[in-house]
Engineer: 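Sharing a structure with you now.
Keep in mind that the numbers below use all heavy atoms, side chains included, and drop hydrogens, waters and symmetry copies. We count ligands from 1, going down the list as the structure has it; atoms in each ligand are counted the same way. Owing to the predicted nature of the structure, the values given are computational and were not obtained by experimental measurement.
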Amino acid sequence: MSKLLLFAAPSGAGKTTIVHHLLEKYDELAFSVSATTRERRPHEVDGEDYYFFSGERFQELIRQDGFVEWEEVYSGLFYGTLRNELQRLWAAGKHIVFDIDVKGALNIKKAYPNETLATFVKPPSLEALSYRLRQRGTEDEANLKKRMDRAAAELAYEPQFDRVLINDELAKALADAEAIIENVLQND
Ligand code: 5GP
């Protein structure tokens, strides 16, 4: 049976790096490509990193019950997991990996309690998180503040997760993430 492997974290905690590493290493895994209304970043590919939708298209899909879960993650910016994306990956017999926000992860866990393994990717501290977000250079000051405010609130959800992965030293975090996946594959 396919598992839903959720990786949730405050923005900038490094979960995208971890998720990309796992997808490259294990053929048994596939990425759940989310829909979003935010603008594409220069290195991102439509249909691979996200499906980039207009606000109207996103609202239409909400009305048609096209999402397993969706969130207005930042004010005016919507993100959601598409039902037909999950069906497609399920049919391919893959374990499905999610890069998702904390609330979205907990909603998926509620919808599929037996299939879900939810991992909380934790930055070593809020200061480290702020430093990383600045280094990444993708956000202006207003967005940085939005992301930091949200991160502080998200840290409180850690106890509701099945696994916690502290992303301090990247090599160690990647090894810990591999251990989580290998455990799932062994029990397959
Ligand atoms: P970013 O804009 O940095 O790509 O993502 C912002 C936040 O939205 C991240 O925490 C990311 O994991 C989350 N996110 C991405 N896709 C989804 C989704 O389908 N649903 C929810 N609830 N959050 C998502």
Side-chain angles (χ1 to χ4, degrees), residues 4-23 30-55 57-59 61-62 65-90 96-112 116-123 126 129-130 132-158 160-161 163-165 167 173 177:
L4 305 180
L5 306 171
L6 311 177
F7 288 86
S11 174
K15 70 182 177 304
T16 304
T17 310
I18 292 170
V19 163
H20 279 157
H21 171 79
L22 295 174
L23 288 162
F31 183 54
S32 167
V33 180
S34 297
T36 183
T37 65
R38 85 146 156 73
E39 283 198 17
R40 192 175 64 79
R41 294 180 187 141
H43 63 278
E44 288 178 328
V45 179
D46 193 7
E48 281 182 24
D49 296 287
Y50 282 107
Y51 299 107
F52 294 96
F53 284 2
S54 66
R57 173 106 186 86
F58 201 100
Q59 292 303 323
L61 271 162
I62 293 175
D65 195 30
F67 291 108
V68 178
E69 63 76 39
W70 62 270
E71 291 262 347
E72 187 174 358
V73 174
Y74 304 107
S75 118
L77 297 182
F78 291 79
Y79 295 77
T81 304
L82 294 158
R83 264 181 219 291
N84 60 11
E85 177 76 1
L86 292 198
Q87 277 151 7
R88 183 175 72 79
L89 299 175
W90 240 315
I96 309 176
V97 174
F98 297 72
D99 175 336
I100 193 167
D101 89 314
V102 166
K103 280 199 193 141
L106 295 174
N107 283 333
I108 293 200
K109 193 172 153 77
K110 217 182 285 164
Y112 301 100
T116 296
L117 184 73
T119 300
F120 189 83
V121 181
K122 196 178 169 181
L126 280 175
L129 187 67
S130 164
R132 264 189 219 158
L133 269 178
R134 280 176 201 280
Q135 291 288 60
R136 191 168 83 183
T138 54
E139 312 304 321
D140 59 24
E141 277 302 315
N143 274 322
L144 264 175
K145 182 165 180 342
K146 264 195 215 172
R147 283 175 188 251
M148 287 307 300
D149 286 349
R150 189 179 173 94
E154 284 180 336
L155 287 177
Y157 289 91
E158 175 187 329
Q160 297 183 51
F161 282 73
R163 302 276 185 280
V164 176
L165 207 158
N167 190 11

Engineer: Number the atoms of ligand 1 from 1 as they appear, then name those within less than 4.0 Å of a heavy atom of Ser34, with their elements.
Structural biologist: 16 (N), 17 (C), 18 (C), 19 (O)
Engineer: Using the side-chain hydrogen bond (donor to acceptor under 3.5 Å, both in side chains) rule, take Tyr79 and Glu72 through it: C-alpha gap first, then chi angles, then the decisive distance, then the call.
Structural biologist: CA-CA 6 Å; Tyr79 295 77; Glu72 187 174 358; over 6 Å; no
Engineer: What atoms of ligand 1 come within less than 4.0 Å of a heavy atom belonging to Ala9?
Structural biologist: 10 (O)
Engineer: Could you tell me if any non-hydrogen atom of Tyr50 lies under 4.0 Å from any atom of ligand 1?
Structural biologist: yes
Engineer: Looking at the rings of Phe67 and Phe58, which for Trp means the six-membered one, are their centres under 6.0 Å apart?
Structural biologist: yes
Engineer: Out of Asp101, Leu6, Val19, indicate the one that has the non-hydrogen atom closest to atom 13 (C) of ligand 1.
Structural biologist: Asp101
Engineer: Ion pair present between Arg134 and Glu141, side-chain N to carboxylate O less than 4.0 angstrom?
Structural biologist: yes
Engineer: With atoms numbered from 1 as shown, which atoms in ligand 1 lie under 4.0 angstrom from a non-hydrogen atom of Ile100?
Structural biologist: 12 (O), 13 (C), 14 (N), 18 (C), 20 (N), 21 (C), 22 (N), 23 (N), 24 (C)
Engineer: Would you mind checking if Glu69 and Lys109 are paired as a salt bridge, meaning a charged N to carboxylate O distance below 4.0 Å?
Structural biologist: no
Engineer: N/O of Val73 under 3.5 Å from N/O of ligand 1, yes or no?
Structural biologist: no
Engineer: Within the structure, does Tyr79 bring an N/O atom to less than 3.5 angstrom of an N/O atom in ligand 1?
Structural biologist: yes
Engineer: If you measure from each non-hydrogen atom of Phe98 to ligand 1, which part falls under 4.0 Å: side chain, backbone, both or neither?
Structural biologist: neither
Engineer: Determine whether more than 12 heavy atoms belonging to other residues, nucleotides or ligands lie under 6.0 Å from atom OH of Tyr157.
Structural biologist: no
Engineer: So that I can tick it off, tell me whether Glu139 and Arg41 are bridged by a salt bridge, with the cut-off set at under 4.0 angstrom between side-chain N and carboxylate O.
Structural biologist: yes
Engineer: So which of Arg147, Glu139, Arg38, Glu44 gets nearest to atom 3 (O) of ligand 1, if we judge by its closest heavy atom?
Structural biologist: Arg147
Engineer: Residue-level breakdown please: for Tyr74 versus ligand 1, do any non-hydrogen atoms fall below 4.0 Å on the side chain, on the backbone, on both, or on neither?
Structural biologist: side chain
Engineer: At under 4.0 Å between heavy atoms, which part of Arg41 makes contact with ligand 1: side chain, backbone, both or neither?
Structural biologist: side chain
Engineer: Using distance alone, with no hydrogens and no angle criterion, decide if Arg38 and Thr36 have a side-chain donor and acceptor under 3.5 Å apart.
Structural biologist: no
Engineer: Is a salt bridge present between Arg83 and Asp65, judged by a nitrogen-to-oxygen distance below 4.0 Å?
Structural biologist: yes
Engineer: Going by salt bridge (charged side-chain N to carboxylate O under 4.0 Å, His left out), name the residues that satisfy it together with Asp101, two or more places apart in sequence or in a different chain.
Structural biologist: Arg150
Engineer: What atoms of ligand 1 come closer than 4.0 angstrom to any heavy atom of Gly104?
Structural biologist: 22 (N)
Engineer: Which of the atoms in ligand 1, numbered in the order shown and given with their element, are less than 4.0 Å from a heavy-atom of Glu71?
Structural biologist: 22 (N)
